[in-house]
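The shown structure was predicted, so the numbers you read here are calculated from the model rather than taken from an experiment. The chains referred to below are lettered A, B, ... by the order of the sequence lines, with proteins before strands, and numbering in each begins at 1.
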There are 2 protein chains.
Amino acid sequence: APDIPVDEGEAEEFLRACYSEVPKLGPVEPRINAVREQISAIGTYTHTKMELIHGARMAWRNASRCIGRVYWRSLVVLDRRSPRTPEQLFKDLVFHLEAATGDGDRRGNLRPIISIFGQAVPGRPITRIWNDQLIRYAGHDKDGGIVGDPRNLKLTRQATELGWQGKGSAFDLLPLIMQTGHAEPQLFELPETAVLEVPLAHPDLPWFAELGLRWHAVPAISNMRLSIGGVSYPLAPFSGWYMGTEIGARNLADASRYNQIPVIAQRMGLDTAKESTLWRDRALLELNRAVLWSFEKAGVRMTDHHTESRLFLTHVERELRAGRPAPADWTWIVPPMSGGITPVFHQYYAEADLRPNFYLDEQAQE
Amino acid sequence: APDIPVDEGEAEEFLRACYSEVPKLGPVEPRINAVREQISAIGTYTHTKMELIHGARMAWRNASRCIGRVYWRSLVVLDRRSPRTPEQLFKDLVFHLEAATGDGDRRGNLRPIISIFGQAVPGRPITRIWNDQLIRYAGHDKDGGIVGDPRNLKLTRQATELGWQGKGSAFDLLPLIMQTGHAEPQLFELPETAVLEVPLAHPDLPWFAELGLRWHAVPAISNMRLSIGGVSYPLAPFSGWYMGTEIGARNLADASRYNQIPVIAQRMGLDTAKESTLWRDRALLELNRAVLWSFEKAGVRMTDHHTESRLFLTHVERELRAGRPAPADWTWIVPPMSGGITPVFHQYYAEADLRPNFYLDEQAQE
Ligand code: HEM
Ligand code: HEM
């Protein structure tokens, strides 16, 4: 909470870790003294650019639910801390998506990026985004049932109340809803250039394309608070690339999301009367093949759960060799399909809440 | 440990729960007084038959890793507490397997059963079985690699040192190794009538049967200590029926077990050069279809992970309605394949170590 002064101990601990990991930053003692003085004077302190960059990378490294952490050093950090209007902020978010997506020849060659907006400061109103991810599909509550993503029903209703009109399709892009302090929330429509999408088809099943399924290339989480050395960054959207199962075994598969397993099973002509035919598993498998194949064909970077499991274990080994614990949450790390045949299944992990890190608060701007 | 007197508090707590759940047992106070006196006189006490039966059922109900607990009330309890020679004990184990398997028209119609042998008593030597399950396949360390189940390499070596000779096949049944106190361990070969096995074939892939895969019908865990009301039963083997994934997604699939995924993928003609073809998932799926189909065709009771997940949630609801917590370990309850599309994935569970329960000690007879 911005009204409580920054914890000096946490600041010091972060600075010591950061300066010891990045020797070119020089001696840490003078910096700790300066930060102490700043905290006692104004209740908080400001990170240098290098502290911000390395702190964000450490936060990713400590995200115990993330299987993609082998790449933590490659995180691109966009420093957006200076004050800006909602309009400028929106432009920065569009830039984030475009830079994450790549353009020209690099379009689809995704890069892990974080945009870090102003830190929480006592008394200063916070700008937040109501969308939990920058790219979200609307969920329309129609007579015959829900069209689109049921997860976003509420957000869709809010956007509609603010004047937004969807096309009523299953994949309507929601606008961003941005709010500064208690001011009226504002709507911003993402330009098409900012959102790369991949229509889904299947290498062996020609009818699959007729389902009209698609997904966007960039997963960009926008509702987590970044915490570095006791300082909170309430708005710090980050993005990497997808692991296929996130789309194929969750977003399009969950009964409470797009619920496509029964649809695909029916098109496959499977006997759905008996569970032991494993019709659900068969439909799930073809859906995931379609996701990986379509992204690959479209030249959009994506990883699969086997490759990423192996890379994650490499990451854990590397971290242990570097003398760091590599905390992990088994229930998130093990993929939602074929868990037992991925190597991450057969391991125990340390569980720890290390800082810097990302937090999902009741309200991210607390 | 048998040299420490039984915990009176635990005894009382168990008796109160047991007598309140089974009203026909009558008032609990006199019984608690009697048990107290017995503990202070000889350091332990003896369960009545009904306490033993209900206590064992409670232990199953509290087994937080078991997805099959909806059936807890149907556990058949064989009271084997009176002293017996290793030869008698072996006969009782054979009886257990036969009763669990069913015979004549009922063969394959498996029933959940537990055989409870003598309780731990200070100074009395304990008989234990080295096998972690009553039915285990040998692992032979041959020049070209391991034939059979690599998990049982050590047990196989021990049996061999005691004079056992396997046929050298991938599915040699190991003998039971039984030891009383520090006496010489003894070998007992299970008769064929005690072990029902199912050869695996596939509904659509004729070559599958040529792999020569098979598995036994009854999973009978023999290395867990049963703890009821402070009393330990070091030898209390229990058995139910299989969930298909235990065989198809673990025993035959794990790289450190039968490792059949690459073999099946090759027979399927899959492109194993690239993970993103999901060749592992495809082979895994066909293996699991084969398991469920073969058991069904053989008339051997087995459950699938979808059905059992739903039943487990029914169980949790029932327990909550009965005012009991239903502790569960997510990492064990969520099946090792298609986790995300089973309803158990999308739940949080209470974690608690409730007694009565089953424990895996360093040495089960402690
Ligand atoms: C580069 C490619 C990346 C891959 C393949 C990857 C993969 C994943 C996956 C599969 C999850 C679980 C998602 C779910 O089940 O909902 C996850 C969660 C997470 N990832 Fe990553 N990730 C990547 C990049 C990043 C980046 C750049 C950051 C931050 C800088 C990050 C931080 C996190 C966090 C904080 C979570 C937990 C989210 C939550 O609690 O809801 N990841 N990641
Ligand atoms: C009736 C059918 C049953 C089904 C379908 C079933 C299912 C399962 C499954 C799938 C597991 C996980 C096994 C693993 O991943 O290694 C398990 C574990 C377990 N089950 Fe059951 N079970 C059944 C009967 C029983 C019975 C009769 C008992 C005891 C009376 C029992 C007690 C346990 C215990 C203690 C574990 C944990 C074992 C360990 O820690 O290694 N189950 N069960």
Trainee: Counting only non-hydrogen atoms closer than 4.5 Å, does A:T277 touch chain B with its backbone (N, CA, C, O), its side chain (CB onward), both, or neither?
Mentor: backbone

Trainee: Parallel, tilted or perpendicular, judged at 30° and 60°: which one describes the rings of A:F358 and A:F238?
Mentor: tilted

Trainee: Is the A:Y137-A:H216 ring centre distance short of 6.0 angstrom?
Mentor: yes

Trainee: With only heavy atoms counted, which part of B:R257 is less than 4.5 Å from chain A, the side chain, the backbone, both or neither?
Mentor: neither

Trainee: For B:E296, is it the side chain, the backbone, both or neither that has a heavy atom under 4.5 Å from a heavy atom of chain A?
Mentor: side chain

Trainee: Between A:D281, A:D304, A:L285, who has the most heavy-atom pairs with chain B when the cutoff is under 4.5 Å?
Mentor: A:D281

Trainee: Between A:Y71 and A:H315, is the gap from one ring center to the other below 6.0 Å?
Mentor: no

Trainee: Between B:L292, B:V334, B:T303, B:N288, which shows the greatest number of heavy-atom pairs under 4.5 Å with chain A?
Mentor: B:L292

Trainee: Sort A:R289 into side chain, backbone, both or neither according to what part of it lies under 4.5 angstrom from a heavy atom of chain B.
Mentor: both

Trainee: Can you tell which part of A:W293 gets under 4.5 Å to a heavy atom of chain B, answering side chain, backbone, both or neither?
Mentor: neither

Trainee: Salt bridge check, A:R267 against A:E210: does any charged N sit closer than 4.0 Å to a carboxylate O?
Mentor: yes

Trainee: So which of A:G339, A:S338, A:G244 has the biggest tally of heavy-atom pairs under 4.5 Å with chain B?
Mentor: A:S338

Trainee: Under 4.0 Å between a Lys/Arg side-chain N and an Asp/Glu carboxylate O for A:R151 and A:D132?
Mentor: yes

Trainee: If you apply the rule salt bridge (Lys or Arg N to Asp or Glu O under 4.0 Å), what do you find for B:E275 with A:R310, and how did you get there?
Mentor: CA-CA 11 Å; B:E275 291 292 357; A:R310 267 201 306 276; 3.2 Å; yes

Trainee: Given B:W215, which of B:V300, B:V291, B:L252 fulfils the side chain to side chain contact (heavy atoms under 4.5 Å, CB included) condition?
Mentor: B:L252

Trainee: Go through the atoms of B:D254 and report whether side chain, backbone, both or neither lie under 4.5 Å from a heavy atom of chain A.
Mentor: side chain

